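These values consider heavy atoms only, across backbone and side chains, with no hydrogens, waters or symmetry-generated copies. As the structure is a computational prediction, the values presented were derived from the model and not from experiment.
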Amino acid sequence: MTGGVLLLLIWAILQRNSLQKLAPLRSRQLVITLVGTAFASTYLGIWLQQMSLKYAATGIAQSLTSTSPLFVLPIAIATGERVSLRAIVGAVIALAGIWLLLIR
């Protein structure tokens, strides 16, 4: 058990009505979704990143790994969140920099 989980459990025990706050975890579907998401986003993501470093040129793999924050913008727009012009300009500059690194 990691330290963060242990602290979270201690905090939940000390809170009033902590059992009511944990009521959504009684849903089997929610727990399965949480476990699947945790697996896919942490274990699978890190494993794929390490495989890219193993099989691709290091500079290219690291450049592509650094683009992960750029994928947040389309997801934010798709979910209806407001994205500032500054964020879009920053993403375009980042893509241009990566393009400059990858052209031969």
Side-chain angles (χ1 to χ4, degrees):
M1 193 177 297
T2 63
V5 173
L6 183 60
L7 286 174
L8 183 61
L9 286 174
I10 292 171
W11 177 80
I13 291 170
L14 295 175
Q15 295 293 312
R16 293 181 187 173
N17 303 324
S18 62
L19 293 178
Q20 291 176 351
K21 292 178 184 177
L22 297 175
L25 292 179
R26 291 183 184 153
S27 166
R28 181 177 215 147
Q29 173 104 18
L30 179 63
V31 171
I32 291 171
T33 302
L34 287 173
V35 169
T37 302
F39 173 78
S41 64
T42 52
Y43 175 77
L44 194 59
I46 292 171
W47 180 74
L48 289 171
Q49 178 185 14
Q50 297 303 314
M51 288 297 106
S52 71
L53 289 171
K54 182 177 180 180
Y55 293 111
T58 306
I60 292 173
Q62 187 58 41
S63 296
L64 292 175
T65 302
S66 299
T67 64
S68 61
L70 300 177
F71 295 107
V72 173
L73 289 178
I75 294 171
I77 292 169
T79 58
E81 198 169 322
R82 187 171 168 264
V83 177
S84 68
L85 180 62
R86 183 178 175 180
I88 293 172
V89 170
V92 169
I93 291 171
L95 286 173
I98 292 166
W99 177 75
L100 286 173
L101 286 174
L102 295 179
I103 62 172
R104 295 178 187 219

**Student:** Taking L34's backbone N and O only, do any of them form a donor-acceptor pair with T37's side chain (distance below 3.5 Å, no angle check)?
**Tutor:**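 A pair under 3.5 Å: no.
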**Student:** Give, for atom CD1 of I46 and atom OG1 of T42, the distance between the pair rounded to the nearest 0.5 Å.
**Tutor:**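 So the CD1 of I46 and the OG1 of T42 are separated by 6.0 Å.
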**Student:** L70 and A94: which non-hydrogen atoms are nearest, and at how many Å?
**Tutor:**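 Between these two residues, the closest heavy atoms are CD2-CB, 4.0 Å.
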**Student:** Other hydrophobic cluster members with L85, side-chain heavy atoms of Ile/Leu/Val/Met/Phe/Trp/Tyr under 4.5 Å, chained?
**Tutor:**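 Under the 4.5 Å side-chain rule, L85 groups with V89, I93.
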**Student:** Taking ring-ring contact (aromatic ring centres under 6.0 Å, His included) as the cut-off, I'd like each qualifying pair that reaches into residues 44-77, sequence neighbours left out, listed once.
**Tutor:**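 Sorted pair list comes back empty.
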**Student:** Please report the closest heavy-atom contact between A61 and S52, naming both atoms and the distance.
**Tutor:**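 Smallest interatomic distance, heavy atoms only, reads CB-O, 3.6 Å.
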